[in-house]
Amino acid sequence: MVNYSEKLDKNQKYVIAKQILRSGTSIGANVKESQNAESSRDFIHKLKIALKEADELEYWLFICNEVETYENTDYLIEKLTTIRKILNKIISSSKMSKS
């Protein structure tokens with residue numbers, strides 16, 4: 001996400017670049033923060049925030065694909081889909097073990 005955001009920045013696509021950089025890096029930051037969660041509820045909450053950021057990032061990448069002057073983001077969407085599946089699995093497994 002950082003590399004793609006920097007490409008957009010170089011092409012003066014500042015607003016989208018900033019949104020992609022913010023939401024893209026927030027996913028990892030929230031996952032990292034979840035590792036020091038105070039409870040299983042807190043752990044799940046932080047991962048849900050990461051998932052929301054992934055959803056937002058997907059939105060921005062879809063927009064990029066619709067604009068002719070932006071580089072195609074299908075490869076990033078594919079990676080993001082994998083990340084979203086992993087987050088969903090961890091969240092659902094954590095909820096099951098919490099019960």
Side-chain angles (χ1 to χ4, degrees):
M1 292 308 133
V2 173
N3 290 334
Y4 185 75
S5 179
E6 286 176 350
K7 286 180 187 178
L8 292 178
D9 239 12
K10 286 179 185 173
N11 292 317
Q12 300 178 347
K13 313 287 188 196
Y14 304 118
V15 174
I16 301 288
K18 182 178 178 182
Q19 293 296 333
I20 287 174
L21 183 63
R22 189 200 53 74
S23 58
T25 57
S26 180
I27 298 166
N30 280 289
V31 169
K32 183 70 174 167
E33 191 175 335
S34 75
Q35 294 172 349
N36 294 308
E38 296 176 11
S39 64
S40 59
R41 184 176 175 188
D42 187 37
F43 175 76
I44 292 168
H45 177 71
K46 289 179 183 352
L47 290 180
K48 283 184 175 182
I49 293 171
L51 190 55
K52 286 181 181 183
E53 293 294 338
D55 288 341
E56 180 182 338
L57 177 58
E58 182 181 55
Y59 169 78
W60 293 115
L61 295 175
F62 283 156
I63 286 179
C64 290
N65 273 351
E66 295 300 315
V67 179
E68 288 181 18
T69 58
Y70 285 49
E71 182 182 321
N72 184 280
T73 63
D74 286 342
Y75 67 103
L76 294 172
I77 292 170
E78 207 173 295
K79 289 181 178 190
L80 184 60
T81 299
T82 301
I83 291 168
R84 290 173 67 229
K85 286 178 182 178
I86 292 168
L87 288 172
N88 273 313
K89 183 65 177 173
I90 295 169
I91 290 167
S92 65
S93 295
S94 297
K95 284 181 178 179
M96 300 272 288
S97 66
K98 188 178 140 183
S99 303

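Values reported hereafter were calculated over all heavy atoms of this structure, with side chains retained and with hydrogens, waters and symmetry mates removed.
- Judged by distance alone, the side chain of Y4 and the main-chain N or O of E71 form a donor-acceptor pair under 3.5 Å.
- Taken together through direct or relayed side-chain contacts under 4.5 Å among Ile, Leu, Val, Met, Phe, Trp and Tyr, Y14 and L57 form parts of separate hydrophobic clusters.
- Here the closest non-hydrogen pair linking M1 and L76 is CE-CD2, 3.6 Å.
- One distance of note links CG of D74 with SG of C64; it measures 11.5 Å at 0.5 Å rounding.
- N30 and K46 make their closest contact through CB-O, 3.7 Å (heavy atoms, listed as atom of the first residue, atom of the second, distance).
- With a 4.5 Å cut-off on side-chain heavy atoms, R84 and D55 count as touching.
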Pair I90, F43 - check side-chain contact (heavy atoms from CB on, under 4.5 Å), show working. CA-CA 10 Å; I90 295 169; F43 175 76; 3.9 Å; yes

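- For the residue pair N88 and S92, no side-chain donor N or O sits within less than 3.5 Å of a side-chain acceptor on the partner.
- At least one side-chain heavy atom of I27 sits under 4.5 Å from a side-chain heavy atom of L80.
- Sparse packing is recorded around CD of E78, with 12 or fewer heavy atoms of other residues, nucleotides or ligands lying under 6.0 Å away.
- When atom types are taken as modelled, the side chain of S5 and the backbone of V2 share no donor-acceptor pair closer than 3.5 angstrom.
- More than 12 non-hydrogen atoms from other residues, nucleotides or ligands lie less than 6.0 angstrom from NZ of K13.
- Around atom OH of Y59, no more than 12 heavy atoms belonging to other residues, nucleotides or ligands sit under 6.0 Å away.
- Atom CD1 in I77 sits 4.5 Å away from atom CG in N65 (nearest 0.5 Å).
- L21 and I49 fall into different hydrophobic clusters, where Ile, Leu, Val, Met, Phe, Trp and Tyr residues are linked whenever their side-chain heavy atoms come under 4.5 Å apart, directly or through other members.
- Listed here is the closest heavy atom pair of A37 and D42: CA-OD2, 3.4 Å.
- I20 and V67 fall within the same hydrophobic cluster, where Ile, Leu, Val, Met, Phe, Trp and Tyr residues are linked whenever their side-chain heavy atoms come under 4.5 Å apart, directly or through other members.
- Across every non-hydrogen atom of L8 and A17, the tightest pair is CB-CB, 3.7 Å.
- Residue L47 comes nearest to S34 through the heavy atom pair CD2-OG, 3.6 Å, listed as atom of the first residue, atom of the second, then distance.
- Between atom NE2 of residue H45 and atom NZ of residue K48 there is a gap of 9.0 Å, rounded to the nearest 0.5 Å.
- Residues L61 and I83 share a hydrophobic cluster, clusters being chains of Ile/Leu/Val/Met/Phe/Trp/Tyr side chains in contact below 4.5 Å.
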